[in-house]
2 protein chains.
Amino acid sequence: MEDRFFKNIPHRTIERLSQYRRALQIYSDKGKTSIFSHQIAALLHITAVQVRRDLMLIGYSGSLRKGYDINDLITLIGELIDSPDGQKVAIFGMGDLGRAIINYFRGKREKLKIVAGFDTNPEKANHEVAGIHCYPLEKTAEIIGKEGIKIGILTVPGDQADETVRIMVEAGIKGVLNYTPTPVEVPDDVYLEEYNMISSIEKVAFYVKERQ
Amino acid sequence: MEDRFFKNIPHRTIERLSQYRRALQIYSDKGKTSIFSHQIAALLHITAVQVRRDLMLIGYSGSLRKGYDINDLITLIGELIDSPDGQKVAIFGMGDLGRAIINYFRGKREKLKIVAGFDTNPEKANHEVAGIHCYPLEKTAEIIGKEGIKIGILTVPGDQADETVRIMVEAGIKGVLNYTPTPVEVPDDVYLEEYNMISSIEKVAFYVKERQ
DNA sequence: TTTGCACTGTTAAATGAATAACAAAATGGA
DNA sequence: TCCATTTTGTTATTCATTTAACAGTGCAAA
Ligand SMILES: NC(=O)c1ccc[n+]([C@@H]2O[C@H](COP(=O)([O-])OP(=O)(O)OC[C@H]3O[C@@H](n4cnc5c(N)ncnc54)[C@H](O)[C@@H]3O)[C@@H](O)[C@H]2O)c1
Ligand SMILES: NC(=O)c1ccc[n+]([C@@H]2O[C@H](COP(=O)([O-])OP(=O)(O)OC[C@H]3O[C@@H](n4cnc5c(N)ncnc54)[C@H](O)[C@@H]3O)[C@@H](O)[C@H]2O)c1
């Protein structure tokens with residue numbers, strides 16, 4: 001019932017909720033306790049109407065004169081998008097990007113923790129890399145199963161992406177974030193998000209060119 | 001006239017064109033010379049209709065029995081999204097992420113080159129970092145102007161993002177790709193793209209949770 | 001030939017998302 | 001006390017994008 005309710009929140013709204021939380025956190029750190037829709041909007045370069053509409057969809061009400069209570073809203077967004085017991089994340093490929101992500105992620109989100117890494121390089125496997133234990137790829141099924149890890153970030157070389165994601169899925173990973181430039185295949189019950197940095201830069205380059 | 005024509009190609013199509021090119025390159029490397037719409041579609045997890053529609057919009061025709069000529073299509077996409085003379089890119093913040101991007105980007109795209117880096121850290125400024133010359137931030141206006149750099153990638157610490165982007169824009173940058181978790185402000189004539197890695201992971205985590 | 005098949009290319013319809021429009025409520029000041 | 005102002009919450013409308021429908025075409029096999 002409640003699940004149903006959450007299910008038909010637009011994908012774009014889900015993305016924005018995560019961004020609202022981040023922006024709200026910054027405001028909160030400055031000592032603010034409440035915020036207006038147009039202030040949130042200005043931070044994210046969207047309209048105030050859109051902010052109000054999103055908050056309406058998640059059933060949050062602000063007060064007419066003070067706007068939205070920052071801490072309440074952060075809590076509510078957390079209840080909606082976080083898992084109550086937290087979720088564990090593993091990194092596949094402990095190279096430059098993998099390490100950068102681990103360092104960046106550390107301590108950022110309480111409910112979402114990187115707990116293991118996997119690499120084929122024998123110099124990395126069975127050692128700590130950036131403070132995370134790195135396992136050899138063969139141990140994937142064992143560790144993923146034992147730890148109950150459901151989310152994997154893929155940062156292996158492009159030509160290893162297909163094979164690695166196959167191993168991940170077989171081991172029980174249900175959500176893959178692929179930073180490789182190689183598009184990969186997953187079964188229907190696995191959620192896949194691909195991010196291609198080159199495309200982002202090319203898009204910026206295209207619109208810069210077009211505007212001149 | 002021709003510009004007009006390109007202008008009303010949907011933003012999402014522009015994003016996909018860049019991805020088509022990448023996927024086509026992989027196919028081409030395998031020795032293939034032609035490809036069907038449904039094959040391109042399978043690679044990118046979209047429908048064949050959408051591929052055909054996109055290609056229609058850019059005015060490319062395939063042959064009925066062989067599909068699309070891979071090299072022709074790569075060339076055409078290049079003519080559309082690349083600048084004929086190439087575009088130069090600068091990185092602001094030569095830390096873990098900045099270096100990873102430089103290494104990753106090297107030699108990937110002929111028409112899009114990272115040619116300079118900027119950092120406030122005196123140990124980095126005036127040295128080579130990952131094979132790119134790193135300038136102190138004060139030199140931004142001079143170098144950006146002299147080199148004619150129009151695109152900047154922002155990888156400084158979050159609390160430096162606002163100030164750094166101000167300096168970039170003042171120096172003449174017309175397209176910003178912001179990898180900082182801090183949303184930034186740019187004037188109307190500057191194209192801004194923001195990517196927030198935490199939001200991507202949170203989105204994956206959300207949909208994994210919801211499906212259980 | 002002719003028929004069936006596997007494609008492409010294009011127009012039409014449906015879906016999804018953002019924006020606009022506006023009613024309702026609380027506050028502070030006239 | 002009442003009015004103007006400011007902001008929320010919600011429905012209606014517009015806009016963008018995807019998906020569906022289908023006509024057209026060339027090839028291969030009968
Ligand atoms: N560095 C960047 O900024 C950047 C940006 C976007 C995308 N990418 C992509 O991310 C991926 C990683 O980039 P990187 O710069 O970290 O490369 P890297 O070479 O530094 O790291 C790759 C790591 O994966 C390990 N590895 C190789 N095969 C493996 C396998 N089958 N299973 C597990 N681990 C394996 C290697 O030992 C190495 O540690 C690449 O696909 C790259 O194209 C990188
Ligand atoms: N590392 C990641 O995987 C990752 C992922 C997503 C986002 N980010 C974000 O990217 C940014 C950089 O991350 P990082 O891991 O490379 O951090 P880092 O600390 O390794 O690098 C930051 C670099 O910026 C330089 N710097 C500081 N102030 C500057 C200024 N005003 N102008 C120019 N240079 C300046 C520093 O000297 C340092 O070299 C951060 O905002 C981080 O949140 C990082």
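Just so we're on the same page: letters track the sequence lines, and every chain starts at 1. Just so it is clear, the values below take in all heavy atoms, side chains as well, and ignore hydrogens, waters and symmetry mates.
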From CZ of Arg12(B) across to P of dG16(C) the rounded distance in Å is 13 Å

Using a 4.0 Å heavy-atom cut-off, does Thr13(B) contact any base of the nucleic acid, only the sugar-phosphate backbone, or nothing at all? nothing

query = Do Leu192(B) and Val165(B) touch side chain to side chain, with heavy atoms closer than 4.5 Å?
reply = no

Whole-Å distance, His38(A) NE2 to dG9(D) C1', equals 16 Å

From CZ of Phe36(A) across to P of dT27(C) the rounded distance in Å is 12 Å

From the candidates dT8(C), dA17(C), dA20(D), the one with an atom nearest any side-chain atom of Pro10(A) is dA17(C)

Rounded to whole Å, the NE2-P distance (His11(A) to dA16(D)) equals 22 Å

When rounded to whole Å, the CE to P distance for the pair Met56(A) and dT11(D) reads 7 Å

Phosphate-side-chain proximity, Ser61(B) and dG9(C), N/O vs OP1/OP2 below 4.0 Å: yes

Per nearest nucleotide of DNA chain D, the residue lying toward the 5' end, Thr47(B) or Val49(A), is Val49(A)

Original post:
Counting only N and O atoms by type, is there a donor-acceptor contact under 3.5 Å from the side chain of Asp96(A) to the main-chain atoms of Ala100(B)?
Top reply: no

Tell me if a side-chain donor or acceptor on Arg109(B) pairs with a main-chain N or O of Asp82(B) at a distance below 3.5 Å. no

Against the side chain of Gln50(B), the closest entry in dT7(D), dA20(C), dT18(D) is dT18(D)

note: Leu44(A), atom CG; dA18(C), atom C1'; distance rounded to Å ~ 15 Å

What residues 64-74 of chain B contributes to the DNA chain C interface at heavy-atom separation below 4.0 Å is Leu64(B), Arg65(B), Gly67(B), Tyr68(B)

Validate the cation-pi geometry between Lys30(A) and Tyr27(A): distance from NZ or CZ to the six-membered ring centre under 6.0 Å, angle to the ring axis within 45°.
yes

Donor-acceptor pair, distance only, cut-off 3.5 Å: does the side chain of Lys209(B) make one with the backbone of Leu80(A)?
yes

Taking dA17(C), dT11(D), dT8(D) as options, the one with an atom nearest any side-chain atom of Arg52(A) is dT8(D)

Discussion item. Has Thr155(A) got a side-chain atom pairing as donor or acceptor with Gly93(A)'s backbone, closer than 3.5 angstrom?
Written reply: yes

Is it true that a side-chain atom of Asn178(A) and a backbone atom of Thr182(A) form a donor plus acceptor pair closer than 3.5 Å? yes

Arg16(A) CZ to dA17(C) P, in whole Å, measures 9 Å

Which of dA12(C), dC7(C), dT11(D) is nearest the side chain of Arg53(B)? It is dA12(C)

In whole angstroms, the gap separating C1' of dA16(D) from CD1 of Ile14(B) amounts to 15 Å

